Structure formats: structure tokens, C-alpha cells
Amino acid sequence: MVARVVVAGASMGGLRAAEQLRAAGYAGTITVVGAEPHMPYNRPPLSKEVLAGKESFESLAFRLRASCADVEWRLGTTVTAARLDEHVVRLGTGAELTADGLVVATGMRPRRLRCPGPARGRHTVRTLDDARGLRAELARPGARVVVVGAGFIGCEVAATAVALGAAEVTVADPEPLPMLRPLGELLARALYRRHQERGVRFALGTGVTAFQGEDRVTGVVLEDGRVLPADVVVEAVGSIANTEWLEGNGLDLTDGVRTDGLLRAGGRPHVVAVGDVARFPNARYDGVPRRVEHWSIPGDTAKRAARTLAAHLAGQEPDPEPFAPLPTFWSDQHDFRLQSFGAPALGLDDARVLEGDLAEDVVVGYHAAGRLVGIVGLGGASVVAKAARHRAELLRQPALTA
């Protein structure tokens with residue numbers, strides 16, 4: 001009987017898992033189930049190049065490798081439930097699939113604000129269809145745009161809206177500075193100044209309580225009583241892990257799917273998790289399981305998880321090498337870039353300038369227990385190379401003690 005692996009999720013993580021299963025020698029059936037009707041595509045450009053009209057929607061699709069030509073794609077449907085001990089998953093169509101192996105790659109969905117007011121005119125940016133809808137709204141002459149949330153997506157959308165000629169672009173957030181949690185105060189202040197200089201307004205230190213308007217949003221009501229006029233609202237207030245379909249199987253779903261260092265969920269050798277839905281320990285740091293929402297993680301976790309699952313299906317022992325990926329992200333905003341290696345969030349209390357100047361190109365190092373754990377460069381095109389020069393030092397650092 002031919003084995004079947006079901007990959008739940010058809011985004012980058014699901015695609016990379018299928019590719020890596022073939023690379024690991026698994027020759028059985030692979031069925032990928034995805035909620036969107038589209039083949040896997042690259043998401044980072046959605047909030048930048050795609051919204052700005054610099055990159056077509058069609059250009060986002062990943063090229064399918066020859067090794068995955070026989071993969072079965074069931075798109076436009078979801079995985080709604082699973083009986084892991086029985087090796088069965090249920091689809092939104094009512095069909096059930098036997099899964100000798102299961103890859104959890106269902107990712108995240110945008111968190112929405114629970115505030116009174118109309119829903120029309122409120123957008124999120126997570127999918128291709130989200131970007132299409134928002135692009136049409138931002139292209140309207142004289143649009144007044146309010147972005148709720150000053151994280152990665154919020155800052156990127158604000159920069160894109162300014163470039164498109166929006167009449168007003170305001171970012172609202174309860175935090176006192178944009179991207180404070182991932183970057184820390186030192187770099188967040190530099191980022192704040194750069195956005196202000198390029199025309200972005202901020203309403204910081206206050207949350208949103210309601211949306212004004214009849215059939216669509218015309219204003220955003222803040223906790224401090226101010227009302228921000230708005231023709232378009234973008235909600236960029238975080239994400240929720242798509243794990244509800246796994247409930248009832250004894251898994252730790254507190255924040256994504258908790259796994260061990262082999263990416264196995266709940267100790268089950270036939271169930272692995274990949275991408276930003278996986279909460280895994282990173283041997284490079286302190287071994288605490290964490291989710292990581294960076295572009296590099298789907299590929300890193302897929303490679304490790306596929307080797308684990310392929311070994312199990314072949315009746316072999318899994319690779320014992322500690323899983324220690326180096327997270328990497330970048331964010332293009334206006335005419336500058338943020339380039340990061342490692343885990344800056346673990347060293348926010350000890351951030352120091354390693355190279356350059358906060359007013360120009362700068363590289364900041366983040367330290368914990370006296371060790372360099374993360375690097376972020378901020379500036380023009382050359383900052384990528386400057387940050388990369390410090391990457392080798394990160395790789396040499398010993399693991400932190402728990």
C-alpha cells in the first residue's frame with residue numbers, strides 16, 4: 001500500500017514541506033490542502049510592491065519544482081478537523097483523507113479589532129485577495145488612510161500609502177513607538193523619525209474604541225477621544241494561529257502548535273508542524289518553544305520536519321542533530337530597509353550600535369547574557385551588506401542557557 005502524506009496548508013511552508021519530503025527520499029503520495037484558490041505564492045510583497053503596483057499579482061507564484069510534479073493539490077478547501085490517533089483528517093467538503101503522515105502548515109490569519117462600527121472600508125493584508133481589495137482603495141485620489149498597528153505590516157502599508165499619494169496617512173498604536181517590541185527603543189525611535197520625515201503621521205500610546213460611519217468607515221475613534229478621519233482603514237494588529245481544526249487531540253495549542261526539536265507535535269512521530277504556526281525550541285538560543293513569523297522559517301522548518309517525517313515513514317531513526325536555525329527578516333519601508341539576523345527580541349535590554357549612526361545607515365546588535373543574539377541594520381541599500389558582515393559573529397555564539 002502506498003503511503004500518503006497530507007500537507008494541511010498550501011502557502012510557502014506547505015510547498016517547501018512537499019519539496020523537502022521528496023528531497024528526503026519520500027516517494028509516496030503527497031496531498032496538499034489549501035484554503036485559498038491560488039497555488040503557493042510569496043507573501044512579503046503584498047504590503048509593499050504589490051500595493052504600490054510595482055509587481056503584478058501573477059509574479060508572486062512560486063515555481064513548482066520537477067520533483068513535485070506529481071503532488072496532488074486540493075485548493076479552495078480547508079482542513080476542518082483531525083483524528084490524529086486514527087491518521088484521519090476531515091476537509092471542508094466533508095471528505096476524509098487517510099494520512100500516514102501529516103504536515104501542519106495552516107499558518108496564521110489576521111487578528112481583527114472587536115470595535116463597534118461599519119465593516120466596509122476596513123482591510124487586512126494577509127492574502128492575495130486582501131491585497132487586491134486594498135490596492136483598489138489606496139488608488140483612489142485623495143484617500144485618507146488610517147493604519148491601526150505599528151508593526152511590520154502596518155509600517156510597510158503606511159509607507160506604501162504615502163508613495164501612492166494618499167492625502168493623509170496616520171498610524172495608530174497603543175505602544176509609544178513603532179515596532180517597539182521587535183526592535184527595542186533605540187532603533188524604534190530612529191524608525192519613527194524616518195517615517196515622520198516622509199509624511200507619516202502617528203497617534204501613539206492610544207488604542208481604538210470604535211469606527212464611525214453608516215455603510216462604511218469615515219473615522220477611527222481613539223481611546224483618548226480623538227477621531228481620525230478615514231476613507232480606508234488597515235488593521236495590522238497581529239495574527240491568530242489556525243489551529244482550531246487540531247483541537248481534541250491532546251496537543252498544546254496555546255500559541256500555535258508546540259513541537260519538539262524535531263518539529264514533531266505532541267510526541268507523535270507522524271505529525272510535524274512547519275512555518276509560523278509551529279512553536280518550536282531553537283537550540284541556538286535558550287530552548288524555549290517560540291513561534292517565529294519570519295520569511296526564512298518556512299524553509300528551515302520544512303527541511304527539518306520533512307527529514308523527521310520521511311525517516312519515520314521509512315522505519316528509520318530521525319536525525320538527532322539539534323535544530324538551530326538563524327531567523328532572518330527584512331522590511332522595505334519608504335526608501336530604506338530593515339535587515340535582521342538572529343533573535344533581536346531576546347536582547348532588547350542590551351542593544352548597542354555596532355556600526356554607523358542612527359541618523360544614517362546603522363547596525364544595532366542585541367545582547368543577552370553577554371552574547372550577541374541578534375543584529376538589525378537600518379538604512380539604504382548598503383545596510384544589507386553591513387548587517388551581513390556581523391552575521392558570522394552571530395553564528396559563532398554558543399547557545400544560551402535556559
Side-chain angles (χ1 to χ4, degrees), residues 10-12 34-62 75-76 107-113 117-173 178-179 195 198-202 208 211 213 215-220 228-239 276 293 295 329-338:
S11 59
M12 182 182 179
E36 293 186 66
H38 315 290
M39 288 292 285
Y41 59 88
N42 199 22
R43 294 188 190 276
L46 293 179
S47 56
K48 302 182 286 289
E49 293 89 349
V50 170
L51 282 186
K54 295 179 180 179
E55 190 168 331
S56 68
F57 294 111
E58 293 72 23
S59 68
L60 302 183
F62 291 116
L75 302 177
M108 315 296 289
R109 65 182 182 274
R111 188 181 300 277
R112 300 304 299 257
L113 292 170
R120 190 173 170 219
R122 292 166 56 186
H123 297 262
T124 59
V125 186
R126 177 71 184 184
T127 69
L128 187 56
D129 293 337
D130 290 341
R132 282 175 168 154
L134 180 55
R135 166 69 181 164
E137 295 264 15
L138 292 180
R140 294 166 54 194
R144 298 169 299 176
V145 180
V146 174
V147 180
V148 184
F152 287 100
I153 299 298
C155 286
E156 289 173 357
V157 170
T160 302
V162 167
L164 287 172
E168 296 177 6
V169 179
T170 306
V171 177
D173 195 287
M179 296 185 64
H195 273 280
R198 289 157 178 81
V200 177
R201 303 177 182 181
F202 287 92
V208 173
F211 296 100
D215 63 333
R216 68 171 293 135
V217 172
T218 60
V220 178
L228 305 175
D231 302 302
V232 183
V233 173
V234 180
E235 296 176 42
V237 291
S239 303
D276 51 11
E293 297 185 40
W295 190 87
F329 77 77
W330 73 91
S331 178
D332 292 321
Q333 302 173 23
H334 302 287
D335 54 352
F336 56 83
R337 167 171 284 203
L338 283 160

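Every value quoted in this text rests on a predicted model; they were computed, and no experiment measured them.
- In terms of heavy-atom proximity, Ala236 sits nearest to Gly154 at CB-N, 3.7 Å.
- For Ser239 against Glu293, the heavy-atom pair with the smallest separation is OG-OE1, 3.8 Å.
- With hydrogens and angles ignored, the 3.5 Å screen pairs a side-chain donor or acceptor of Arg216 with a backbone N or O of Asp231.
- Residue Arg201 qualifies as open at atom CZ: its count of foreign heavy atoms under 6.0 Å is 12 or below.
- Considering Val208, Asp173, Val147, Val148 in turn, Val148 is the only one that fulfils the side-chain contact (heavy atoms from CB on, under 4.5 Å) rule with Val237.
- Looking at Gln333 and Arg198, their side chains never come closer than 4.5 Å, going by heavy atoms from C-beta outward.
- At least one side-chain heavy atom of Leu138 sits under 4.5 Å from a side-chain heavy atom of Leu51.
- The shortest non-hydrogen separation linking Cys155 to Pro178 is SG-CB, 3.9 Å.
- Put simply, the side chain of Thr127 reaches to within 4.5 Å of the side chain of Arg43, judged on heavy atoms.
- Note that CE of Met39 is 13.5 Å distant from CG of Leu128, once rounded to the nearest 0.5 Å.
- In this structure, the side chains of His195 and Phe336 come closer than 4.5 Å at one or more pairs of heavy atoms.
- Asp276 has a carboxylate O that lies under 4.0 Å from a charged side-chain N of Arg126, or vice versa, which qualifies the two as a salt bridge.
- In this structure the side chain of Thr160 never reaches within 4.5 angstrom of the side chain of Lys54, judged on heavy atoms.
- The shortest distance between side-chain heavy atoms of Phe211 and Val220 falls below 4.5 Å.
- The two residues Gly142 and Ala167 make their nearest non-hydrogen contact at O-CB, 3.5 Å.
- Between Phe57 and Tyr41 the shortest side-chain heavy-atom distance does not fall below 4.5 Å.
- Shown here for Pro37 and Leu75, the closest heavy-atom pair between the two residues is O-CD1, 3.8 Å.
- Going from atom NE2 of His123 over to atom CZ of Arg132 covers 15.0 Å, rounded to the nearest 0.5 Å.
- A donor-acceptor pair under 3.5 Å links the side-chain atoms of Glu235 to the main chain of Leu113, judged by distance alone.
- Taken from CD1 in Ile153 to NZ in Lys48, the straight-line distance is 6.5 Å, to the nearest 0.5 Å.
- Taken to the nearest 0.5 Å, the CZ atom of Phe62 stands 8.5 Å off from the OG atom of Ser11.
- Distance check, rounded to the nearest 0.5 Å: CG of Asp332 to CD of Glu156 gives 7.5 Å.
- With hydrogens and angles disregarded, no donor-acceptor distance shorter than 3.5 Å links the side chain of Asn42 to the backbone of Leu60.
- Of the inter-residue distances, the one linking Thr124 atom OG1 with Arg111 atom CZ reads 13.0 Å to the nearest 0.5 angstrom.
- Closest approach of Val169 to Ala161, counting heavy atoms only: CG2-CB, 3.7 Å.
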